[in-house]
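Inspection log for the structure reproduced underneath, given as structure tokens.
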Amino acid sequence: MKPSKVGEDPCQIINIIFGGNKINGATFSAAKKMKVSITHSKRLREDDITFMEEETDVLLLPHNDTLVISLNVLDFKIKRVLVDLGSLDNIIQWTVLKQAKLTGSIIPATKLLAGFNLASVTTWGEILLLTNAEGVMKTTLFEVVDSDMGYNIILGRPWLHKMKVVPSTYHQLLKFPTPEGIKQIRGDQPATREMNAISVSSSKGKEHVA
């Protein structure tokens, strides 16, 4: 499967909803207005990454939402991607790979991940996938799980650091340097709230059955 060209929209969209409890128990506070300076390599422009209060004008306020985005992976646009600074790994659902017909590319390997619904999960393997964030391509290693974790992908520190990303949950923005300057991806608040509603509904259902 050939990766999308820079600037092209992927030809397919993966938009899977999983029920179950939320796993992002830890939240990260963000100031309403902050400025973060980054020293780039010689190939990148000397720009500052900034977050301004005006950038929240398009948001549903007040909010306490996590940062959930869409990400282009190969020829697919994958929705419900959690940006999680607390994760040591990049994680992808086996169901997503099945829908994308990529299960044959999984590298056999097992790893114990802790934190899913206060329990541990053993991975099914690993997979290398090409991610495309606003034209910035990165070959990314994902741990493959088959778990009701509520997200299609979790982007942990390995991807965030490789991209030199600066996220802000308050501003619902992910910003990163590129040779053309600072680019950004905005969070999907409606998707976040829909997932939270599913989680609450599922929890109530379990309590009722008990």
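In what follows, residues are counted from 1 in the order of the sequence shown. This structure is a prediction, so every number in the text was calculated from the model and none was measured.
Put simply, CG on Asn90 and CD1 on Ile127 are 12.5 Å apart, with the number rounded to the nearest 0.5 Å. To the nearest 0.5 Å, atom CD1 of residue Ile49 and atom NZ of residue Lys183 are 13.0 Å apart. The distance from the OG atom of Ser105 to the CG atom of Leu97 is 8.5 Å, given to the nearest 0.5 Å. Rounded to the nearest 0.5 Å, atoms CG (Asp84) and CD1 (Ile154) are 6.0 Å apart. Between Tyr151 atom OH and Arg80 atom CZ the span is 10.5 Å, to the nearest 0.5 Å. Going from atom OG1 of Thr50 over to atom NE2 of His171 covers 9.0 Å, rounded to the nearest 0.5 Å.
Contact of the Val136 side chain with the Phe176 side chain is registered, since non-hydrogen atoms from C-beta on lie closer than 4.5 Å. Using a 4.5 Å heavy-atom cutoff, the side chains of Val73 and Ile14 are not in contact. A heavy-atom distance below 4.5 Å is found between the side chains of Ile92 and Val144. By the 4.5 Å heavy-atom criterion applied to side chains, Ile153 and Val96 are not counted as neighbours. At least one side-chain heavy atom of Phe142 sits under 4.5 Å from a side-chain heavy atom of Leu155. Taking 4.5 Å as the limit, some side-chain heavy atom of Leu129 sits within range of a side-chain heavy atom of Leu102. Counting heavy atoms from C-beta outward, Gln12 and Gln99 have side chains that stay 4.5 Å or more apart.
Both Val58 and Leu61 sit in one connected hydrophobic cluster of ILVMFWY residues. Membership requires side-chain heavy atoms under 4.5 Å apart, directly or through other members. Met137 and Leu74 fall within a single hydrophobic cluster, where Ile, Leu, Val, Met, Phe, Trp and Tyr side chains are chained together by heavy-atom contacts under 4.5 Å. Linking ILVMFWY side-chain heavy atoms closer than 4.5 Å, directly or via other members, places Leu59 and Leu82 in two distinct hydrophobic clusters.
In plain terms, the two heavy atoms of Val166 and Phe51 that are nearest each other are O-CZ, 3.3 Å. Across all non-hydrogen atoms, the minimal contact from Lys164 to Pro177 is O-CD, 3.3 Å. Closest heavy-atom contact between Glu134 and Gln184: CG-O, 3.7 Å. Between Trp159 and Ala133 the shortest heavy-atom distance is CZ2-CB, 4.0 Å. Leu67 and Pro167 make their closest contact through CD2-CB, 3.9 Å (heavy atoms, listed as atom of the first residue, atom of the second, distance). When every heavy atom of Asp48 is checked against every heavy atom of Ile182, the shortest pair comes out as O-CG1, 3.9 Å.
Remark: Glu55 engages Lys175 in a side-chain hydrogen bond (donor to acceptor under 3.5 Å, both in side chains) (not counting sequence neighbours). Applying the side chain to side chain contact (heavy atoms under 4.5 Å, CB included) test to Thr139 and every residue at least two apart in sequence or in another chain returns Leu128, Leu130. For Thr192, the side chain to side chain contact (heavy atoms under 4.5 Å, CB included) partners at least two apart in sequence or on another chain are Asp65, Thr66, Val68, Asn196. For Thr140, the side-chain hydrogen bond (donor to acceptor under 3.5 Å, both in side chains) partners are Thr131, not counting sequence neighbours. Take Lys111 and apply the side-chain hydrogen bond (donor to acceptor under 3.5 Å, both in side chains) test, not counting sequence neighbours, and it matches Asp89.
Side-chain N or O atoms of Arg157 include one that pairs as donor or acceptor with a backbone N or O of Leu85 at under 3.5 Å. Without hydrogens or angle criteria, Gln93 side chain to Ser147 main chain gives a donor-acceptor distance under 3.5 Å. In this structure, the side chain of Gln189 engages the main chain of Leu60 through a donor-acceptor pair within 3.5 Å.
Counting only residues at least two apart or on different chains, no salt bridge (Lys or Arg N to Asp or Glu O under 4.0 Å) pair has a member in residues 90-99.
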